[in-house]
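Everything numeric here is computed off the predicted structure, so don't read it as measured data. One is the number of the first residue; the rest follow in order along the sequence.
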Amino acid sequence: MKQKLNCILLIDDDEDDNFIHQMVIRKADVAHKIVIRENGLDALEYLQTLENGKYPQPDLIFLDINMPRMNGWEFLAEYQKLESVQQGKVMVVMLTTSLNPNDENRAKSNPYINKFLTKPLTRDRLLEIIDQRFEH
């Protein structure tokens, strides 16, 4: 990868997972900014809020399924309704502890989900995702 991603958004209610995933991303040195939101509702609000006159448009979103207030599936249903300038050119990776094959099949059939992974995020998986999707 020649240049860092501008922003990676972690959407997960588990503080320990967020801490670990943030450390993996920082150590891999692949993003200028890491933003954490603990549920889908807060993540949608973040995506719809102007920062310095523009929407945040993260390059990569890691999305958990089971969260309070708004889960990952509900987030995706609302995410699809956002204006394209609010969505950006983003890659969504569902990152979850779910071993339910129905969740994986549902993710694979959703055009907004680019990959389905089980936690935890590792450096190798992160670099593989970035190399596959963000070659410059």
Side-chain angles (χ1 to χ4, degrees):
M1 189 175 99
K2 294 180 186 167
Q3 72 183 68
K4 290 183 184 184
L5 301 180
N6 181 46
C7 178
I8 295 177
L9 174 60
L10 301 174
I11 308 173
D12 194 329
D13 64 315
D14 188 302
E15 287 183 35
D16 293 336
D17 287 340
N18 284 330
F19 177 79
I20 291 166
H21 297 155
Q22 187 174 26
M23 293 305 298
V24 167
I25 295 165
R26 281 196 177 136
K27 285 185 179 182
D29 196 29
V30 295
H32 292 290
K33 182 163 102 174
I34 303 164
V35 175
I36 297 172
R37 294 295 181 262
E38 294 184 353
N39 62 67
L41 199 57
D42 290 347
L44 283 171
E45 184 178 300
Y46 168 73
L47 293 171
Q48 295 175 78
T49 302
L50 292 171
E51 290 181 347
N52 301 319
K54 331 188 284 193
Y55 294 104
Q57 296 187 324
D59 300 297
L60 180 55
I61 295 175
F62 287 102
L63 177 65
D64 190 20
I65 294 176
N66 298 308
M67 297 175 286
R69 296 184 70 204
M70 179 183 278
N71 68 34
W73 300 119
E74 294 164 334
F75 167 82
L76 285 168
E78 294 303 313
Y79 177 81
Q80 294 174 35
K81 298 174 188 175
L82 294 178
E83 296 177 30
S84 60
V85 296
Q86 293 169 325
Q87 289 179 349
K89 296 177 183 173
V90 71
M91 176 179 185
V92 177
V93 175
M94 190 152 269
L95 184 62
T96 182
T97 56
S98 174
L99 299 175
N100 184 339
N102 292 333
D103 284 334
E104 186 170 0
N105 291 334
R106 187 174 176 188
K108 287 180 178 177
S109 68
N110 187 309
Y112 287 86
I113 300 174
N114 302 91
K115 200 163 195 65
F116 183 93
L117 297 174
T118 54
K119 293 179 186 177
L121 179 66
T122 64
R123 184 180 194 278
D124 289 342
R125 287 167 133 182
L126 174 63
L127 294 176
E128 179 184 317
I129 289 165
I130 290 173
D131 287 344
Q132 287 175 354
R133 177 63 191 244
F134 298 103
E135 292 179 23
H136 295 287

D12/K119 ion pair, N-O < 4.0 Å: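 Between K119 and D12 there is a salt bridge, with a charged N closer than 4.0 Å to a carboxylate O.
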
Mind checking what makes salt bridge (Lys or Arg N to Asp or Glu O under 4.0 Å) contact with E51, not counting sequence neighbours?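 If we apply the salt bridge (Lys or Arg N to Asp or Glu O under 4.0 Å) test to E51, skipping adjacent residues, the hits are K33.
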
Validation row: P58, L5 side chains within 4.5 angstrom (heavy atoms): no

Beyond-backbone contact of L50 with Y55, side-chain heavy atoms, under 4.5 angstrom: yes

Check T96 against S98 and note the closest heavy-atom contact, atom names and distance.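 That would be OG1-N, 3.0 Å.
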
Closest contact, heavy atoms only, Q87 versus L82: NE2-O, 3.7 Å

Do other residues, nucleotides or ligands put more than 12 heavy atoms under 6.0 Å from the CD atom of E45? no

Find out if a path of hydrophobic residues (ILVMFWY) with successive side-chain heavy-atom gaps under 4.5 Å connects Y79 to I11. yes

I'd like to know if L95 and V92 are part of one continuous hydrophobic network [Ile/Leu/Val/Met/Phe/Trp/Tyr, side-chain heavy atoms within less than 4.5 Å]. no

Between side-chain atoms of residues 71-78 and protein atoms elsewhere (two or more places apart, or another chain), which donor-acceptor pairs fall under 3.5 Å?
from: N71; atom 1: OD1; to: W73; atom 2: N; distance (Å): 2.9
from: N71; atom 1: OD1; to: E74; atom 2: N; distance (Å): 2.8
from: E74; atom 1: OE1; to: N71; atom 2: N; distance (Å): 2.8
from: E78; atom 1: OE2; to: K81; atom 2: NZ; distance (Å): 3.1

Indicate yes or no for a side-chain donor-acceptor contact from [X] to the backbone of [Y] under 3.5 Å, with no hydrogens or angles considered.
{"X": "D59", "Y": "V90", "value": "no"}
{"X": "N39", "Y": "M70", "value": "no"}
{"X": "R125", "Y": "P120", "value": "yes"}

